[in-house]
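All remarks here apply to the structure that follows.
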Amino acid sequence: MLTLGIESSCDDTAAAVVKDDFTLLASVLTSQDNIHTRFGGVVPELASRSHLESIVPVVNSALAEAGVTLGDIDLIAATQGPGLIGSLLVGFSYAKALSYVTKIPCVGVDHMAGHILSVFLAEEHPQFPFVALVVSGGTSSIYLAENFTSFTLLGRTRDDAAGEAFDKVAKLLGFPYPGGPIVSRTATNGDSAAISFPRSWLEKDSLDFSFSGLKTSVLNHCNREKQKNNELHLPDICASFQEAACDVLVQKTISAAKSQRVRSVVMGGGVSANPRLREMMDEHCRREKLHLFIPDPVYCTDNGAMIAVAGIQAFKKRPDCSLNRDVYCRSVLA
Ligand code: KG4
């Protein structure tokens, strides 16, 4: 069985071909970073227009790279939501149009399910049930994954997503968009204990997150230093901010795993490419005798392969391929 996965929820146009359940034959992605950098963030209208230009070449490249034609494809899976509506509409409408013309069934995929299941693209797979932390530019959520299609939301951010906090801190430090990876690279030369930034634990036992206070603390620190005419030590600021953000993400995920009595922890989403988060999660999981599964960094950020993987499982569970479905901006996983 060959599945074509299509992803266009934000600012990456991506397509992939997956054989059977998890065998990746090709994955192609076009990033729009060069379009949005000068605005310091994603401009939704420009994102949709760019998806329109890229969708056909990206899908064709994925098919060519896999050495197949559209006629060989058995299933089309496309991101239905959550994300930017204009961006989602391009990929999902294209998938539905392909399905209408070719009669290949088409399933809609929740982007969060894609991030949770992206770990199955690696050789070693976690056993269900497991706890999954999904951290990206649009979300910071903890799920209990009971099987390939059943996910329970245990906690989520009440304000900024972790990736959003990384990007906003990057912006206030003068780094170009998307700044998360630059903050992480700058942090490698800094002292993570140099500045004591706050950790927001919220109520006892809460698995929700809040990153807006941490972001404001970084801003206040920078303003104070500037008032004293001190030069900002960017590596220390980045390392201390990153430590505070990762500390909360890791500790809450471990608490969730312990309270749900699972043996495995999974991470997905763009921020899970962060080396310090991967290292800290690994240390804590070893200490608690939990098995940790994290996708290759390439499959942490948005990609078509994870959409194909989640689409295959959704299709097996409920082959609902009606073309009347529409995109949505909030995740349906709850
Ligand atoms: O999953 P993703 O590609 O797109 C969304 O669905 O949001 O995640 C992108 C986010 C951005 O906020 C980016 O700054 C962040 O992931 N990110 C990182 C790193 N790599 C990507 N944040 C911190 N450290 C990184 N190494």
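Counting starts at 1 for both ligands and their atoms, in listed order.
Thr30 and Gln32 share no donor-acceptor pair across their side chains, judged by distance under 3.5 Å alone. Looking at Asp160 and Ser212, their side chains never bring a donor and an acceptor atom within 3.5 Å of each other. Between Thr301 and Asn303, the side chains place no donor N or O within less than 3.5 Å of an acceptor N or O (distance only, hydrogens not considered).
Atoms of ligand 1 found under 4.0 Å from any heavy atom of His111 (numbered from 1 in listed order, with element): 6 (O). Close contacts of ligand 1 with His115, meaning ligand atoms under 4.0 Å from a residue heavy atom, involve 1 (O). Ligand 1 places these atoms under 4.0 Å from at least one heavy atom of Ser184: 24 (N), 26 (N). Less than 4.0 angstrom separates some heavy atom of Thr301 from each of these atoms of ligand 1: 1 (O), 3 (O). Atom numbering of ligand 1 starts at 1 in the shown order; those under 4.0 Å from a heavy atom of Gly163 are 12 (O). Counting atoms of ligand 1 from 1 in the listed order, those under 4.0 Å from a heavy atom of Gly138 are 7 (O).
The aromatic ring centroids of His125 and Phe22 lie less than 6.0 Å from each other.
Ring pair His115/His111 is perpendicular by interplanar angle, where above 60° counts as perpendicular and below 30° as parallel. A perpendicular orientation is assigned to the rings of Phe166 and Phe241, their planes being inclined by more than 60° (bins at 30° and 60°).
Heavy atoms of Arg185 come nearer than 4.0 angstrom to ligand 1 in no pair at all. Within the 4.0 Å heavy-atom cutoff, Gln242 does not count among the residues contacting ligand 1. No heavy atom of Cys10 sits closer than 4.0 Å to any atom of ligand 1.
Looking only at heavy atoms of the protein, atom 15 (C) of ligand 1 is closest to Val271 CG2, 4.0 Å. Looking only at protein heavy atoms, the nearest one to atom 24 (N) of ligand 1 is Asn274 ND2, 3.0 Å. Shortest contact from atom 13 (C) of ligand 1 to any protein heavy atom: Asp167 OD1, 3.8 Å. Scanning the protein for heavy atoms near atom 9 (C) of ligand 1, the closest one is Gly137 N, 3.9 Å.
Taking only nitrogen or oxygen atoms, main chain and side chain alike, Gly270 reaches within less than 3.5 Å of ligand 1. Taking any N or O of Asp302, backbone or side chain, at least one lies under 3.5 Å from an N or O belonging to ligand 1. Checking only distances, Asp12 never comes within under 3.5 Å of ligand 1, N or O to N or O.
Here Arg49 pairs with Glu45 in a salt bridge; the nearest charged N to carboxylate O distance falls below 4.0 Å.
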Between Phe128 and Phe130, does the ring-ring contact (aromatic ring centres under 6.0 Å, His included) criterion hold? Intermediate values first, please.
CA-CA 5 Å; Phe128 291 102; Phe130 59 77; 5.0 Å; yes
Salt bridge (Lys or Arg N to Asp or Glu O under 4.0 Å), that's the test. Do Arg286 and Asp282 meet it? Break it down for me.
CA-CA 6 Å; Arg286 280 173 196 275; Asp282 186 53; 3.0 Å; yes
Verdict with supporting geometry, Thr79 and Glu7, side chain to side chain donor-acceptor pair (under 3.5 Å)
CA-CA 5 Å; Thr79 307; Glu7 154 63 27; 2.6 Å; yes
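A heavy-atom distance below 4.5 Å is found between the side chains of Ile85 and Val327.
Across the listed options Pro82, Gly114, Pro181, Ser272, Pro181 owns the non-hydrogen atom lying nearest to atom 25 (C) of ligand 1.
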